[in-house]
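So the structure is just underneath, and the comments pick up after that.
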Amino acid sequence: MHKFFPFLILFSLIVSITHGCFLTVPWSVYVLSNIPGDIVAHIKSGDDDLGNHTIPFKGNYNWSFCSRGDHRTLFYGYFWWGSKFQSLDLFNKELEKFCSLNKAGRQDCYWWVRPDGFFVSPLNNTFSEFYWKFIKPWG
């Protein structure tokens with residue numbers, strides 16, 4: 001058993017270096033803008049402050065992370081568009097379930113910010129009610 005332990009540590013190190021996420025799922029979240037002009041987004045989690053980002057019309061901002069094994073990963077954002085403001089969770093347990101495609105490897109979650117509000121989808125498809133779920137209007 002003692003000879004197996006160093007092998008296990010070495011294997012874990014190699015897997016974490018090559019895949020980035022050891023025993024957890026790698027995720028990428030994309031915020032796509034369909035707002036005429038610029039929007040400003042401030043993205044945060046309990047551990048990371050990703051800062052303010054100006055997203056132009058038809059532009060996007062994205063980030064990647066390893067989800068927690070207990071499904072408690074949380075990212076949230078504050079959004080400004082002219083005089084309008086909205087805050088919402090961009091990744092949580094419910095959104096993880098919604099965006100998960102039960103495929104091996106990296107998972108993606110897409111947000112489409114539009115004049116009528118915020119929509120989410122596990123796929124980056126052309127906008128239609130079939131692919132995109134409405135989450136929240138602008139405040």
Side-chain angles (χ1 to χ4, degrees):
M1 182 67 177
H2 288 93
K3 292 180 181 180
F4 181 71
F5 188 68
F7 172 76
L8 183 62
I9 291 175
L10 180 61
F11 177 75
S12 299
L13 181 61
I14 291 170
V15 168
S16 65
I17 289 171
T18 58
H19 295 289
C21 299
F22 180 67
L23 297 178
T24 63
V25 177
W27 280 89
S28 291
V29 176
Y30 300 83
V31 177
L32 315 167
S33 175
N34 196 35
I35 299 285
D38 293 341
I39 60 172
V40 175
H42 190 137
I43 313 297
K44 298 178 84 173
S45 76
D47 299 323
D48 299 301
D49 185 340
L50 304 180
N52 285 334
H53 301 277
T54 301
I55 307 172
F57 179 60
K58 301 288 186 186
N60 79 80
Y61 174 71
N62 64 80
W63 70 98
S64 299
F65 58 93
C66 298
S67 65
R68 292 175 45 159
D70 60 3
H71 303 284
R72 293 181 56 198
T73 303
L74 173 64
F75 279 92
Y76 54 95
Y78 303 106
F79 293 86
W80 294 268
W81 174 37
S83 63
K84 295 183 179 185
F85 171 80
Q86 188 54 270
S87 63
L88 70 154
D89 288 354
L90 298 170
F91 190 88
N92 59 29
K93 185 176 182 176
E94 291 77 29
L95 291 164
E96 182 176 6
K97 287 179 189 175
F98 178 77
C99 287
S100 179
L101 294 177
N102 295 321
K103 65 178 183 173
R106 191 191 75 196
Q107 301 283 333
D108 299 312
C109 199
Y110 295 90
W111 283 91
W112 203 336
V113 183
R114 298 169 36 99
D116 52 343
F118 296 79
F119 297 78
V120 67
S121 175
L123 302 169
N124 187 16
N125 288 334
T126 303
F127 186 81
S128 77
E129 297 294 326
F130 182 76
Y131 294 114
W132 294 87
K133 178 181 177 183
F134 177 76
I135 299 296
K136 206 171 193 181
W138 283 95

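Hydrogens, waters and symmetry mates are skipped; everything else that's a heavy atom, side chains included, is used. Everything numeric in this text was worked out from a predicted model, so none of it was measured.
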Please report the C-alpha distance between Ser28 and Ser64 in whole Å, then the side-chain angles of each, then the deciding distance to 0.1 Å, and finally whether the side-chain hydrogen bond (donor to acceptor under 3.5 Å, both in side chains) criterion is met.
CA-CA 4 Å; Ser28 291; Ser64 299; 2.7 Å; yes
What closest approach, in Å, do Val120 and Leu95 show between heavy atoms, and which atom pair accounts for it?
CG1-CD2, 4.1 Å
Atom of Ser33, atom of Ile55 and distance for their closest heavy-atom approach
CB-CG2, 3.6 Å
Please assess Leu123 against Tyr110 for the test side chain to side chain contact (heavy atoms under 4.5 Å, CB included), listing each intermediate value before the final yes or no.
CA-CA 7 Å; Leu123 302 169; Tyr110 295 90; 5.5 Å; no
Under 3.5 Å, side chain of Trp132 to main-chain N/O of Asn125, donor-acceptor pair present?
yes
If you apply the rule side chain to side chain contact (heavy atoms under 4.5 Å, CB included), what do you find for Asn124 with Asp108, and how did you get there?
CA-CA 9 Å; Asn124 187 16; Asp108 299 312; over 6 Å; no
Could you pull out the closest heavy-atom pair between Asp38 and Phe57, with the gap in Å?
OD1-N, 4.4 Å
Is a side-chain donor or acceptor of Ser121 paired with a backbone partner of Tyr131 at a separation under 3.5 angstrom?
yes
Expected output: side-chain Lys136 to main-chain Ser87 donor-acceptor under 3.5 Å
yes
In the single-linkage hydrophobic clustering (I, L, V, M, F, W, Y; side-chain heavy atoms under 4.5 Å), do Trp27 and Phe98 co-cluster?
yes
Between Tyr76 and Tyr78, how do the two ring planes meet: parallel, tilted or perpendicular, split at 30° and 60°?
perpendicular
Check the pair Ile43, Phe79 against side chain to side chain contact (heavy atoms under 4.5 Å, CB included), reporting the backbone distance first and the verdict last.
CA-CA 9 Å; Ile43 313 297; Phe79 293 86; 4.3 Å; yes
Does the side chain of Phe119 reach to within under 4.5 Å of the side chain of Asn34, using non-hydrogen atoms?
no
Name the orientation class of the two ring planes belonging to Trp138 and Trp81 (parallel below 30°, tilted from 30 to 60°, perpendicular beyond 60°).
tilted
Between NZ of Lys58 and CG of Leu32, what distance do you get to the nearest 0.5 Å?
10.0 Å
Closest heavy-atom contact between Thr24 and Cys66?
OG1-CB, 3.6 Å
Quick one: NZ on Lys44 to CG on Asp49, what's the gap to the nearest 0.5 Å?
5.0 Å
If I compare all heavy atoms of Gly117 with all of Phe134, which pair ends up nearest, and what's the gap?
CA-CE1, 4.2 Å
Please verify the inter-ring angle class for Phe91 with Phe65; under 30° counts as parallel, over 60° as perpendicular, anything in between as tilted.
perpendicular
So CZ of Arg106 and CG of Leu101: to nearest 0.5 Å the spacing works out to 11.0 Å
Applying a strict under-4.5 Å side-chain criterion to I, L, V, M, F, W and Y, I'd like to know whether Phe75 and Leu88 cluster together.
yes
Checking Ser67 side chain against Val25 main chain: does a donor-acceptor pair fall under 3.5 Å?
yes
Point-to-point distance, once rounded to the nearest 0.5 Å, from CG of Asn60 to NE2 of His53
11.5 Å
Check whether any side-chain heavy atom of Ile135 sits under 4.5 Å from a side-chain heavy atom of Trp111, and report yes or no.
yes
If you compare all heavy atoms of Trp63 against all heavy atoms of Val31, which two are closest, and at what distance to 0.1 Å?
CZ3-CG2, 4.0 Å
After noting the C-alpha distance and the side-chain angles of Leu50 and Tyr61, does the key distance pass the side chain to side chain contact (heavy atoms under 4.5 Å, CB included) rule?
CA-CA 11 Å; Leu50 304 180; Tyr61 174 71; 3.7 Å; yes
